[in-house]
Each structure stands twice: as structure tokens, then as C-alpha cells.
Amino acid sequence: MPELPEAETIARGLDLVLPGRTVRSVEVLRPDVVRGPPDEFAGAVSGRRIRDVGRRGKNIVLSLDLVRVVVNLGMTGRVLTSAGAHPDARSTHPAVVFHLEDGGRATYDDVRRFGMLSALGPRAWRRWTRSLGPEPLGRTFTAARLGEILAASRAPIRSLLLDQRRIAGVGNIYAVEALWAARIDPRTPARLLDPARVARLHRALRRVLRSAIAAGGTTLRNYRDASGEEGRFGRALRAYGRSGEPCVRCRAPVERIVFGGRSAFRCPRCQPGLPAR
DNA sequence: AGTGTATCCTGCAGGC
DNA sequence: TGCCTGCAGGATACAC
């Protein structure tokens, strides 16, 4: 998807313009991106005032009176706002349109429609948010906490970082980038990382996520913020998508490896695997 | 508990 | 230009 930095960027943009405004009606153009019957979704949201817009993991959370709308962006989901009532030219594949009482609109747009919008009451919200791991940029996410999570798994560290139930918000790009920065082979079994590597990974993960937020996220193809702007973190990528190019740290060619059904990238020199035995 | 595979869906890049 | 293949920021279900 859009990962944590992209969701954060979109949420911040929406939080500047949506709070205090009321949803008049909801138009579900693509029922497959809404959890449950479309008319129920529309009914749960229509007439309610938006209090604020935040984020949990990779998800955008619109808090309205009595209900939260959780937007999982999938691979190509976007949330675009427009002041006027005319159709938004930036919205190429509108899936759900929130019409506001003041005539404005917020559009959920998704080329591939892997995204999902849910309207959650308080109980469902608590159940859902408890099912996700800690926020990697949260105050309680210390190196010690990360160490506990890693110690409980023999999965490759890259796979663990992608597991939303263990840590919320990290996707393939930032997992690969953090592992490059921490000089750790993505295939290393999580529980085999020593305290020094855990500390490096903790620092690298938070640094990469914060830098990406500061740059407005990473646009590879489709991603745009709430105003339709591209993210600027793409040129800061050091490993992701750079197979064959020289590592910027040591000049050895970056290699692409595939496991867990997805591409990873690593520098074979500065991210050595465990010694064979 | 972990892995590999398939699925949802569309668009784009590259090879021929 | 067209056709084909492979690949893509994610999540989930399945068999093994």
C-alpha cells in the first residue's frame, strides 16, 4: 500500500480540512471496497459530523460522531478532497464518494480495489485496534519492546516486520529500507538478532518512517496525498527497487531476492547473511 | 508456527 | 503497433 508514512500524510491532510464538517450522503460506486452491505455503510455514516482524522498502522481513521470509518488503502487506494461539487479530475477510479453538507466531497479512489472501508461502532473499533501490533513511532515502542517481539518468532525478519499483528504500519518498502540502514539481511530469523542489531533496527525503522513522513511519503506510481501531490521520499530509497545498482554505502551491486511471495532487496556486502553451518 | 501458493483487480514496462 | 509476460505499496485463505 501506501504504508504508514503515506497513510499519515493523507490523514494529516484530511485533518486540516474535514473536522467539523458533516457527511450528507455516501455514494458507493464500487460495493466491493466496502465491508458489509453498501446501504448499511452509507446509513452508518450519513448525517454524522467528522470530529478528526487520524491513523492506525497503515489505515486512515475518520472519527465521526458514534462511528469510525477505517480506510485500508490496499495497494492503490487514495483519499482525495475537493472543495467544489464538480467531479475531481485527479480521481481516476472513484469507488466511494462522501458528499458533505457544505457541497464539498471526499473521494475514495482505488484502481485495483484491494482497499477496504469499514464503518465501526465503539465495540468493533476496540476489537479491531487491539488486533494490530504497536505503533512503531509510539512512545512505548522501545528497542526492548522490539526485542521481545523479535524473540518470539523464527520467521525471517522482513516477514515479521510486514505482519500487522506484531507491528502496525510497516510494509515492504520501509521494511527493506530499514533493514538496509541497519545492515541486516532480510532473511535473518528474527529471534537470532543480537541486542546490537535489534537496537540498530529499532533506530533505523523509526528514522526511515519519520524521514518518509517528512517527505510526504513515497510515490512509486499511484500514491498521492489528500491534495493530489506526490510523495518525495522515492529518491531517498537506498535499497528498494535498486537491484543491480551499486550500494550507496559500499558500491557492491544491490540484489533482489524473493521470499514470502515478495521481492526484497539487500546489499550482499553490507547485509551479510548468517554464516552457513 | 512457518512457508509457498493462489486470489482479489488493473495498469504499466519490457521483450519480441 | 500489438501481444505476451511479469511485476506492483496489501491482506487473506488454503494446504503442507
Side-chain angles (χ1 to χ4, degrees), chain A residues 1-11 29-35 55-60 70-79 91-96 108-118 128-129 131-133 136 149-180 186-192 205 208-209 211-213 215-225 229-244 255-265:
Chain A
M1 120 158 118
E3 309 181 25
L4 185 156
E6 292 74 35
E8 178 71 22
T9 301
I10 293 171
L29 282 60
R30 293 291 200 163
D32 53 351
V33 304
V34 166
R35 173 124 21 226
R55 175 193 62 75
R56 177 79 172 95
K58 304 173 182 178
N59 306 273
I60 294 161
V70 172
V71 182
N72 184 301
L73 298 160
M75 295 279 256
T76 53
R78 327 191 279 187
V79 182
S91 176
T92 55
H93 296 73
V96 177
Y108 178 69
D109 182 284
D110 193 344
V111 175
R112 291 171 72 182
R113 303 201 305 284
F114 287 178
M116 185 61 68
L117 279 64
S118 314
W128 176 78
T129 191
S131 74
L132 294 179
I149 294 169
L150 301 195
S153 172
R154 53 180 103 230
I157 180 61
R158 199 278 308 260
S159 302
L160 182 142
L161 290 173
L162 296 188
D163 185 346
Q164 302 300 298
R165 296 166 305 181
R166 300 202 240 220
I167 298 171
V170 182
N172 204 27
I173 292 182
Y174 300 111
V176 163
E177 289 299 304
L179 290 166
W180 179 87
R187 296 165 296 192
T188 312
R191 64 164 56 163
L192 297 189
L205 188 56
V208 165
L209 293 173
S211 303
I213 291 171
T218 302
T219 295
L220 293 185
R221 320 179 159 71
N222 195 263
Y223 164 75
R224 297 292 184 281
D225 73 12
E229 295 293 313
E230 298 191 356
R232 303 176 306 280
F233 197 69
R235 55 176 167 267
L237 297 178
R238 296 293 181 251
Y240 186 88
R242 298 181 60 116
S243 57
E255 68 175 10
R256 172 176 177 263
I257 52 183
V258 178
F259 65 97
R262 351 230 343 221
S263 296
F265 301 87

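Proteins come first, then strands; the chains are lettered A, B, ... in the order of their sequence lines, and each starts at number 1.
Within the model, atoms CD of Gln164(A) and CG of Leu132(A) stand 7.0 Å from one another, a figure rounded to the nearest 0.5 Å.
Using C1' as the reference atom, dG2(B) and dG9(C) are 24 Å apart when rounded to the nearest Å. Taking atom P on both nucleotides, dT5(B) is separated from dC7(C) by 13 Å, rounded to a whole Å. dC9(B) and dG2(C) are spaced 26 Å apart, taking the P atom of each and rounding to whole Å.
Note on ring orientation: taking the six-membered ring where Trp is involved, the planes of Tyr174(A) and Phe233(A) are tilted (angle from 30° to 60°).
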Check: How would DNA chain C look in dot-bracket form, 5' to 3', counting Watson-Crick and G-U wobble pairs with both distances under 3.5 Å and writing | for bases paired to another strand?
Finding: .|||||||.|||||||
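Between the CE atom of Met116(A) and the C1' atom of dT12(C) there is a distance of 11 Å, rounded to whole Å. With rounding to whole Å, Arg112(A) atom CZ is found 12 Å from dC12(B) atom P.
In this structure, Tyr174(A) reaches neither bases nor backbone, as no heavy-atom distance under 4.0 Å exists between it and the strands shown.
A salt bridge links Glu230(A) and Arg224(A); the closest N-O separation between the charged side-chain nitrogens and carboxylate oxygens is under 4.0 Å.
No hydrogens or angles were tested; on distance alone, nothing pairs the side chain of Arg262(A) with the base of dA8(C) as donor and acceptor under 3.5 Å.
Taking only side-chain nitrogens and oxygens, His93(A) comes nearer than 4.0 Å to OP1 or OP2 of dG11(B).
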Next item on the list: Show the numbers, then the answer: is there a side chain to side chain contact (heavy atoms under 4.5 Å, CB included) between Tyr223(A) and Thr9(A)?
Entry: CA-CA 11 Å; Tyr223(A) 164 75; Thr9(A) 301; 3.3 Å; yes
Note to self: salt bridge (charged side-chain N to carboxylate O under 4.0 Å, His left out) for Arg30(A) and Asp32(A)? Distances and angles first, verdict last.
What the structure shows: CA-CA 6 Å; Arg30(A) 293 291 200 163; Asp32(A) 53 351; 5.6 Å; no
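Here Phe114(A) packs flat against the base of dC8(B); its ring centre is closer than 5.5 angstrom to the base's six-membered ring, tilted by less than 30 degrees.
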